[in-house]
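Below: one structure, written as structure tokens.
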Amino acid sequence: MGRQVRTRYAPSPTGYVHIGNLRTALYEYLIARSMNGKFILRIEDTDQERLVEGAVDVIYNTLKVCGLKHDEGPDIGGPYAPYVQSQRKDAYLPFAKELVEKGHAYYCFCSKDRLDKMRSEAESRGETYMYDRHCLGLSKEEVEEKLAQNQPWVIRQKMPREGSTTFEDMVYGSITIENNMLEDQILIKSDGLPTYNFANVIDDHLMEITHVVRGSEYLTSTPKYNLLYDAFGWEKPVYVHLPLIVKPDGSKISKRKGDASFEDLVAMGFLVEAIINYIALLGWSPEGTQEVFSLAELEKAFDIRRISKSPSSFDMEKLRWFNAEYIRAMPPEKFHSLAMPYLEKSITDKSIDLAKVSKLLQKRTELLTEIPSKVGFFNSLEDYDLSIYVHKKMKTTLEISLESLKAALPILENLEPWNEESIHGTLLSLAETMGIKNGQMLWPVRTALSGWQVTPGGAIEIADILGKEESLRRIRIGIERLGRALS
RNA sequence: GGCCCCAUGGUCAAGUGGUUAAGACACGGCCCUUUCAAGGCCGUAUCAGGGGUUCGAAUCCCCUUGGGGUCACCA
């Protein structure tokens, strides 16, 4: 020990950030920060067939908006540059050759056709396919000859046939795998680039990564990597395998099945802070009962020992709650600026004071994207069913509603100035002098003003925002319609 | 199928041999109240099953069941 902690986030550029990958990045960041270490970004793009244009920018942007600042990476450089595997491609082959020299790896000239055929044959017999080591027995001369003939080749790792390999994982404990389960995996592909299985070991060593943090799907292949470390005589990193995040039905989250990626969630109206907070708690729990954490607080509280082993399911409802928590907790001005784009689009009437609408909305908004559906009545009064004037708990009927509106109209016509306070005062004292409950006055007024059964804000706030003229107009419409219905 | 891992309410989960088995989301009720929210209070609901070990198991061991992962010139 004593080495400075170094973690790395090593995504392959696919064009979007999977929610599980983001959590891995978050934990890597938190482990580094909580242990006073460095957080490194490395791009794993050794699969040339899966390259996606602009995908690296998506990764930079995600880390940036999430506040997961890396200490070293392709964009900012660092002492172990370059940080893109395709730019390090020449570094891997010498290591593979070293392994061949030492007898831990060998050249293989088997064609893809041969391999595919053997695989499908094995499958048809219901057996698990494993490379048959056809090329293991090649003599040095034979290898030289084939190489000289420019025959396509790969380099495979030679696995021990007997015994077992055990390693310690910080979250899963001791894991043992029988060596005869390990295939002679390919280290260098025929295009000359390393596979992930090889590159991650070389790079993690070269970059002095101390803690390898990744999803639990790598658990069973970790012994292969340790065998590589041993073959080189290198110090092995600490392993931290993370439980999977699954869907409510228990299946794996996948972009191909239309499951939300990080950017999808943002587009749905979720705040980055809420997403981070929520996924931090999927698979990790703090010591106390605190649930709302800023990134800075997570950096202090995070502890590898409190990562859980069992997979957890992604619960959109809980995420919504976190989102609402963050919305409610923010300063009104901040909420207003976030709500503005949605308000401007949905409220076309320029005389409406959008700041006042925001004030009404803040405690009632879980997702920014649901704002438009809540404010349409401000634009114009649509036709509404008169039955909404009748409310059992408010003790209103069509008759009472008509009476209340008729009584309120002249008083409001003469009201100066027109603001929340003055409207509040007159309407409530009117209810009192009429000997009716507040609700019997306010429910009909709110109904007439909005034409909606449910609105953000009550009669007083809505009247204030609509303004005197429009409010009176809507009340007159209510009186007219109720009057006709009752005659 | 072989191998590996996992298993506390519907969900996230605390718990590490002795607890009335926390807390949160969701759900239900009540209060507050000008609708709806927000807020406050209360409530329903969990140790997968079976064997052991022990004076005593959610906690330790074994088996069963269930779920997941992995078996590529993907990462």
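Within every chain, numbering begins at 1; the chains are lettered A, B, ... in the order of the sequence lines, protein sequences first and strands thereafter. Worth saying up front: this structure is predicted, and the values here are computed from it rather than measured.
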Whole Å only: how far is the [atom1] atom of [X] from the [atom2] atom of [N]?
| X | N | atom1 | atom2 | answer |
| --- | --- | --- | --- | --- |
| A:Arg306 | B:U16 | CZ | C1' | 11 Å |
| A:Phe293 | B:C12 | CZ | C1' | 14 Å |
| A:Phe167 | B:C5 | CZ | C1' | 10 Å |
| A:Leu182 | B:C4 | CG | P | 12 Å |
| A:Asn438 | B:U35 | CG | C1' | 14 Å |
| A:Leu442 | B:C32 | CG | P | 17 Å |
| A:Leu242 | B:C5 | CG | P | 17 Å |
| A:Arg305 | B:G15 | CZ | P | 12 Å |

In terms of side-chain heavy atoms of [X], which of [options] is nearest?
| X | options | answer |
| --- | --- | --- |
| A:Tyr172 | B:C5, B:U34, B:C36 | B:C5 |
| A:Glu325 | B:G39, B:A14, B:C5 | B:G39 |
| A:Leu282 | B:G15, B:C36, B:C12 | B:C12 |

Can you tell me the base-pairing partner of B:C55? Count Watson-Crick or G-U wobble geometry only, both distances below 3.5 Å, and say none if there is no partner.
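Its partner is B:G18 (Watson-Crick or G-U wobble, both distances under 3.5 Å).
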
Is atom CD of A:Glu432 surrounded by more than 12 heavy atoms (other residues, nucleotides or ligands) closer than 6.0 Å?
no

Please check if the number of heavy atoms outside A:Lys158 that lie under 6.0 Å from its NZ is greater than 12.
no

With A:Thr14, which residues qualify under side-chain contact (heavy atoms from CB on, under 4.5 Å), at least two apart?
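A:Ser12, A:Tyr16.
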
Earlier contact from the 5' end, RNA chain B, for A:Ile460 and A:Ile175:
A:Ile175

Treat primed atoms plus P, OP1 and OP2 as sugar-phosphate and everything else as base, then score nucleotides 68-75 of chain B 5' to 3': B for base contact with protein heavy atoms under 4.0 Å, S for sugar-phosphate contact only, - for none.
SBSBSBBB

Should the ring pair A:His70 and A:Tyr60 be called parallel, tilted or perpendicular, given that the plane angle runs from 0 to 90° and is split at 30 and 60?
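Rings of A:His70 and A:Tyr60: parallel, under 30°.
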
What are the atom names and distances for every N/O pair under 3.5 Å that joins the protein to nucleotides 21-28 of chain B?
unit_1: B:A24; atom_1: O4'; unit_2: A:Glu291; atom_2: OE1; d: 3.0
unit_1: B:A24; atom_1: O2'; unit_2: A:Glu291; atom_2: OE1; d: 2.3
unit_1: B:A24; atom_1: O2'; unit_2: A:Lys318; atom_2: NZ; d: 3.2
unit_1: B:A24; atom_1: N3; unit_2: A:Lys318; atom_2: NZ; d: 3.2

Could you give me the CA-CA distance, side-chain angles and deciding distance for A:Tyr218 and A:Tyr196, then say whether ring-ring contact (aromatic ring centres under 6.0 Å, His included) is met?
CA-CA 11 Å; A:Tyr218 291 97; A:Tyr196 164 85; 5.2 Å; yes

Return yes if a side-chain donor-acceptor contact under 3.5 Å exists between A:Tyr239 and A:Asn226, otherwise no.
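Result is yes, a qualifying pair exists.
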
Within 45° of the axis and under 6.0 Å from the centre of the six-membered ring of A:Tyr384, does NZ or CZ of A:Arg481 qualify?
yes

